[in-house]
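If you're wondering where the values come from, they're calculated on a predicted model, not measured in any experiment. By convention in this document, chain letters (A, B, ...) are assigned in the order of the sequence lines, proteins followed by strands, and residues within each chain are numbered from 1.
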Amino acid sequence: MGDEKALTRRAEDFSAWYNEVVLRAELADYSPVRGSMVIRPYGYAIWENIQRGLDGMFKATGHQNAYFPLLIPQSFLEREKEHIEGFAPEVAVVTHAGGRELEEPLVIRPTSETIIYAMFAKWVQSYRDLPLLINQWANVVRWEMRTRLFLRTAEFLWQEGHTAHATEAEAEEEARRMLGVYRQFMDEWMAMPPVLGRKTESERFAGAVRTYSCEALMQDNKALQAGTSHNLGQNFSRQFGLTFQSETGTEEYAWNTSWGVSTRLVGGLVMTHGDDVGIVVPPMLAPYQVVIVPIYRTDADRSVVLEKAHRVAALLRDEDIRVHVDGRDGMTPGAKFYEWERKGVPLRIEIGPKDVAQQQVVVVLRVAHGDVPRKESISDTGGLVTIPGRLHRYQAALFQAALERREANSHRGVREYSKLQELIEDTGGFVYAGWCGSAECERKVKEDTKATIRVLPFEEFRTPEAPDRCVVCGGEAVEEAVWARAY
RNA sequence: CGGGGCGUGGCGCAGUCCGGUUAGCGCGCCUGCUUUGGGAGCAGGAGGUCGUCAGUUCGAAUCUGACCGCCCCGACCA
């Protein structure tokens with residue numbers, strides 16, 4: 001790969017394209033440990049921006065960060081029956097430490113419900129202690145059979161929110177609120193508009209009463225579960241003795257929620273916006289929103305061009321734009337253009353002797369949308385102030401393009417099973433159709449097409465005319481379902 | 001775990017079928033000069049126990065056996 005200049009095209013082999021793009025944009029690299037990856041500085045910078053955005057939103061909704069241990073007593077995991085059944089196959093266990101066998105094995109957290117609710121039980125006595133709204137940024141380990149950079153790795157980074165409430169209604173409200181926070185983040189920061197809804201029983205989180213999900217549609221028309229939020233009911237509070245004394249003096253079990261997004265979002269970003277040149281990063285998440293490439297021939301040109309480049313950079317920094325001057329010598333401008341395009345930088349500014357003489361700069365967008373020219377010259381005086389607006393419009397255009405792609409690949413009102421099969425096999429995308437609510441019909445579709453019900457969509461995503469028949473068995477439809485193959 | 005592919009300088013590969021003595025090529029890297037508005041050119045240079053172990057042979061990157069690892073496709077999952 002290293003030297004081959006052209007990337008595999010998406011249409012040719014999407015999966016090969018994805019791997020090449022991730023490696024060549026220097027987002028991540030394979031590590032010596034099977035199934036785990038190294039997140040490189042450029043990829044980590046994107047993750048840091050994701051963290052920054054979400055963290056602000058969590059705090060604005062009243063949550064606080066804390067940190068719980070990586071190692072959990074095995075017995076904790078085993079207390080909630082469904083939970084251990086769901087996670088047992090993929091849990092890594094520490095059996096030895098300090099040179100001898102441990103009395104009780106410790107599991108490396110695949111998720112932290114058990115240890116967190118055990119601690120909540122110590123901290124909560126009264127209804128006055130509720131709600132307890134905690135988030136943690138952490139790593140977790142799930143020993144998956146098959147791994148893919150960012151999308152599924154043995155160890156990954158995420159955030160997991162865990163809350164305790166006095167009433168069922170409050171917990172339900174919280175679970176839905178945080179799903180909404182995810183949606184807002186995916187729309188506004190990632191320009192990756194998801195479809196929201198509830199998971200079916202078979203796709204529900206192990207130990208939850210209800211699971212809600214944000215499902216995004218990738219460019220290969222496969223769905224990506226981008227964020228989930230769970231109403232845990234009292235399943236964990238009962239197992240860990242998380243009780244409180246109510247206003248009327250009775251002892252009650254608390255109601256819990258948990259919700260999370262992971263470094264998988266970076267993979268979603270790649271597969272939502274990337275093209276045959278490389279990744280495309282929305283300005284809100286871009287490590288560099290603007291990269292300035294100086295162009296010069298002589299030493300005299302070099303000093304005046306670099307001087308201007310740094311002056312422009314300083315000006316943009318005053319506007320809170322993340323800007324980088326690529327002053328590397330011995331690399332031609334063309335090579336720099338390709339590199340930053342591969343890395344998805346939203347806006348490039350070229351400054352050469354001509355631009356110094358004419359008091360202008362050349363601005364080039366990573367991707368042109370609509371009538372906006374990809375490349376234009378703008379003046380030093382009136383032009384540079386337009387850059388924040390240009391980035392803003394670019395962000396909006398990426399969102400619009402992703403939304404249009406999602407809708408163009410959403411097939412509504414599918415009534416015949418053969419049509420559903422044909423759509424899944426041939427074109428992919430989200431297939432909206434009626435469902436009778438039976439696990440058998442769900443399983444049949446999975447066996448026949450590998451597609452699953454991604455969500456039972458919330459009202460705003462539903463087709464105006466509700467389906468009356470189950471697309472599989474023809475029985476009465478109780479809900480509209482969104483089917484797709486998924487990552 | 002089933003199927004497929006692959007382990008050779010930092011990266012990508014050729015050489016392996018048909019063993020033969022200095023193991024090649026491209027990219028990258030280092031030095032110098034010329035270059036620089038879409039992946040620069042020339043010259044010189046550094047860098048390799050050919051995945052591991054055992055065997056066959058006068059001789060193994062090449063043949064045999066075992067093992068290890070990685071990637072891709074599937075079943076399971078954020």
Side-chain angles (χ1 to χ4, degrees), chain A residues 1-8 13-16 18-20 23-24 29-37 85-91 110-111 139-160 182 199 202-203 205-206 211 213-216 223-230 258-268 277-278 293-299 301-302 305 326-342 348-356 358 360-362 364 374-375 377 446-447 450 452 485-487:
Chain A
M1 229 173 309
D3 62 299
E4 284 160 45
K5 289 177 176 171
L7 223 47
T8 299
D13 184 344
F14 194 81
S15 175
Y18 176 81
N19 284 326
E20 285 177 32
L23 293 171
R24 290 178 62 180
D29 203 352
Y30 294 106
S31 87
V33 179
R34 184 202 75 91
S36 58
M37 67 170 186
E85 280 171 8
F87 282 104
E90 57 197 58
V91 164
T111 178
N139 58 339
V140 289
V141 169
R142 297 181 187 178
W143 215 256
E144 301 288 356
M145 286 302 187
R146 212 186 125 222
T147 57
R148 302 198 60 192
L149 294 169
F150 286 111
L151 300 174
R152 188 175 302 103
T153 46
E155 176 182 355
F156 57 93
L157 304 183
W158 76 346
Q159 62 64 219
E160 47 182 324
Y182 288 155
K199 285 289 192 183
S202 68
E203 299 275 324
F205 175 75
T211 289
S213 175
C214 292
E215 296 283 326
L224 184 76
Q225 182 172 306
T228 49
S229 183
H230 316 291
S258 70
W259 26 274
V261 300
S262 71
T263 37
R264 168 179 268 194
L265 288 179
V266 178
V277 175
V293 177
I295 299 161
Y296 45 80
R297 240 171 259 271
T298 64
D299 278 351
D301 281 348
R302 182 176 182 277
V305 162
D326 187 352
R328 286 175 293 181
D329 275 319
M331 195 170 174
T332 61
K336 292 177 182 177
F337 297 166
Y338 280 104
E339 177 172 333
W340 294 116
E341 283 174 6
R342 195 159 58 234
R348 174 174 80 233
I349 296 183
E350 304 172 10
I351 301 177
K354 284 182 238 166
D355 303 302
V356 173
Q358 293 168 34
Q360 62 172 31
V361 300
V362 175
V364 186
R374 180 166 132 78
K375 186 169 182 172
S377 298
K446 190 171 181 180
E447 276 164 19
K450 290 182 230 155
T452 49
R485 284 184 182 158
Y487 275 97

So which nucleotide does [N] pair with, by the Watson-Crick or G-U wobble rule with both distances under 3.5 Å?
N	result
B/rG32	B/rC42
B/rC13	B/rG24
B/rC53	B/rG65
B/rC70	B/rG5
B/rG48	none
B/rC18	none

**OP:** Kindly determine whether A/D329 and A/R302 satisfy side-chain contact (heavy atoms from CB on, under 4.5 Å), including the steps that lead there.
**Re:** CA-CA 10 Å; A/D329 275 319; A/R302 182 176 182 277; 2.9 Å; yes
What contact category does [X] fall into here, base, sugar-phosphate, or nothing, at under 4.0 angstrom with non-hydrogen atoms?
X	result
A/V261	nothing
A/R302	nothing
A/P89	nothing
A/T153	base
A/R342	base
A/L224	nothing
A/T263	nothing
A/K450	sugar-phosphate

**OP:** Report the distance from atom OH of A/Y182 to atom CG of A/L265, rounding to the nearest 0.5 Å.
**Re:** 9.0 Å
**OP:** Return the minimal non-hydrogen interatomic distance between A/L7 and A/G278, and the atom names on each side.
**Re:** CD2-N, 3.9 Å
Original post:
What heavy-atom pair brings A/V356 and A/I351 nearest, and what distance separates the two atoms?
Top reply: CG2-CG2, 4.3 Å
**OP:** Select from A/E203 and A/S36 the residue whose nearest nucleotide in RNA chain B is closer to the 5' end of that strand.
**Re:** A/S36
Between atom [atom1] in [X] and atom [atom2] in [N], what is the gap in whole Å?
X	N	atom1	atom2	answer
A/K336	B/rA40	NZ	P	11 Å
A/Q225	B/rC76	CD	C1'	14 Å
A/D329	B/rU35	CG	P	15 Å
A/M331	B/rC30	CE	P	12 Å
A/L7	B/rC27	CG	C1'	16 Å
A/I349	B/rG38	CD1	C1'	18 Å
A/F87	B/rA78	CZ	P	7 Å
A/Y18	B/rC72	OH	P	11 Å

Original post:
Under the criteria of a ring-centre distance below 5.5 Å and an interplanar angle below 30°, is A/F337 stacked with the base of B/rG38?
Top reply: no
Nearest-nucleotide pick for [X], side chain only, options being [options]:
X	options	answer
A/K446	B/rC71, B/rC76, B/rA78	B/rC76
A/I295	B/rA78, B/rG37, B/rC72	B/rG37
A/K375	B/rG38, B/rA40, B/rA78	B/rG38
A/A335	B/rC72, B/rA40, B/rG37	B/rA40

Subject >> N-O pairing of A/R342 and A/E20 below 4.0 Å >> reply: no
**OP:** Identify whether the distance between the nearest side-chain nitrogen and carboxylate oxygen of A/R374 and A/E341 falls below 4.0 Å.
**Re:** yes
[N] phosphate, OP1 or OP2: any side-chain N/O from [X] under 4.0 angstrom?
X	N	result
A/R297	B/rU36	yes
A/Y30	B/rC72	yes
A/N19	B/rC71	no

Original post:
Any side-chain donor paired with an acceptor under 3.5 Å for A/T211 and A/T228?
Top reply: no
Test for a donor-acceptor pair under 3.5 Å between the base of [N] and the side chain of [X], counting only N and O atoms.
X	N	value
A/E341	B/rG38	yes
A/R374	B/rG38	yes
A/S262	B/rA78	yes

Original post:
So, the side chain of A/Q159 versus the backbone of A/V261: is there a donor-acceptor pair under 3.5 Å, distance only?
Top reply: yes
**OP:** Using the C1' atom on both, measure B/rG65 against B/rG26 and round to a whole Å.
**Re:** 35 Å
